[in-house]
Amino acid sequence: MTAPPAPPIREPAVSAPAVPPALGGAPVGVFDSGLGGLSVLRAIRTALPHEPLLYLADSAHAPYGDKPPTVIQARAAVLLQTLRAAGCKAAVVACNTVTGLSIQALRAQHPGWPIVAIEPAVKPAAQLTHSGIIGVLATRNTVCSPGLARLIATHAAQVRVLTQACPGWVERVERGELDGPDTEAAVAAFVRPLCDAGADVLVLGCTHYPFLRPVIERVAGPRVTVLDPAPAVARELGRQLHAHGLAAPTPAAAAVTFWTSGDPAQVGRVLQRLWPGAPAVLALPGAG
Ligand code: DGL
């Protein structure tokens, strides 16, 4: 019997890169319930101006802060899948509520795809405080989330943490009402009690709140430090892109594209206030 002919030797794929080179030019997808995540997008733009960015505002379903966690978890899964299908090389969860409720599940759904997520700056606040009391301003869902409980137990066990839900603030930012007597009163209602209780560091635990920062600082006074983790998120994104070989290949300033699941014209009007010179907002492909 003659032996069957040996199968042809297949050449191994020639040094297949872990990531196709073209992917470096793909956008980073960033999402939030609405326009609050622009505070994170702004930090990313400053730190990584060459990265093309795709921002997705889930305006049709905002706010997330009081919705049942299962609804938010489902929306977050759909939005991440949308960004991935759009060719995004990495994603940024620019929503503390989503992070607090479902970041572990989202990462498990996308193994190997870099997902950077914002979370309240509890750790630096615990290191900074002199009074031993810190305040965390956030949505009701974040305040009650397992993610925030974990953060506090891990990084702030030695200090007193006052958590404060701030109903109405997100809607105010979504309407572009960033200042004026009504906004000041709404801010004071939740900030003053924390300061009166001795908090000397306030954590902005919702990405909408940085747009109220001037009012928050005015109400809190000069002895209180206000922390926004957005710059740390941008730095972590830069590290992740480099680690995965995904940094933008060209040094040219890159485009920012805006999508919404809501009414593009209405969202576009407030967007111009928060991101002057932004291009027209596009309707989320395939509706929302
Ligand atoms: N901006 C989001 C966050 O950081 C969500 C706010 C909301 O929609 O209630 O939590």
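FYI, the numbering just counts along the sequence from 1. Quick note: numbers below take in every heavy atom, side chains included, and nothing from hydrogens, waters or symmetry partners. The shown structure was predicted, so the numbers you read here are calculated from the model rather than taken from an experiment. All ligand and atom numbering here is 1-based and tracks the order in the structure.
- For E119, the side-chain hydrogen bond (donor to acceptor under 3.5 Å, both in side chains) test picks out no residue, with sequence neighbours left out.
- The list of side chain to side chain donor-acceptor pair (under 3.5 Å) pairs with a residue in residues 88-113, not counting sequence neighbours, reads E51-K89, R84-H110, T97-T139, T97-T142.
- W275 and F258 have perpendicular rings, their planes meeting at more than 60° on a 0 to 90° scale where under 30° would count as parallel.
- The residues lining ligand 1, counting any heavy atom closer than 4.0 Å, are D32, S33, P63, Y64, G65, C95, N96, T97, T139, V170, C206, T207, H208.
- If you check the side chains of H155 and Q127, you find no donor sitting under 3.5 Å from an acceptor.
- Interatomic distance, F31 CZ to D58 CG, rounded to the nearest 0.5 Å: 8.5 Å.
- Think of L148 as one node in a network of Ile, Leu, Val, Met, Phe, Trp and Tyr side chains linked at under 4.5 Å; its network also takes in V122, L128, I134, V136, L151, I152, V159, V161, V201, V203, L227.
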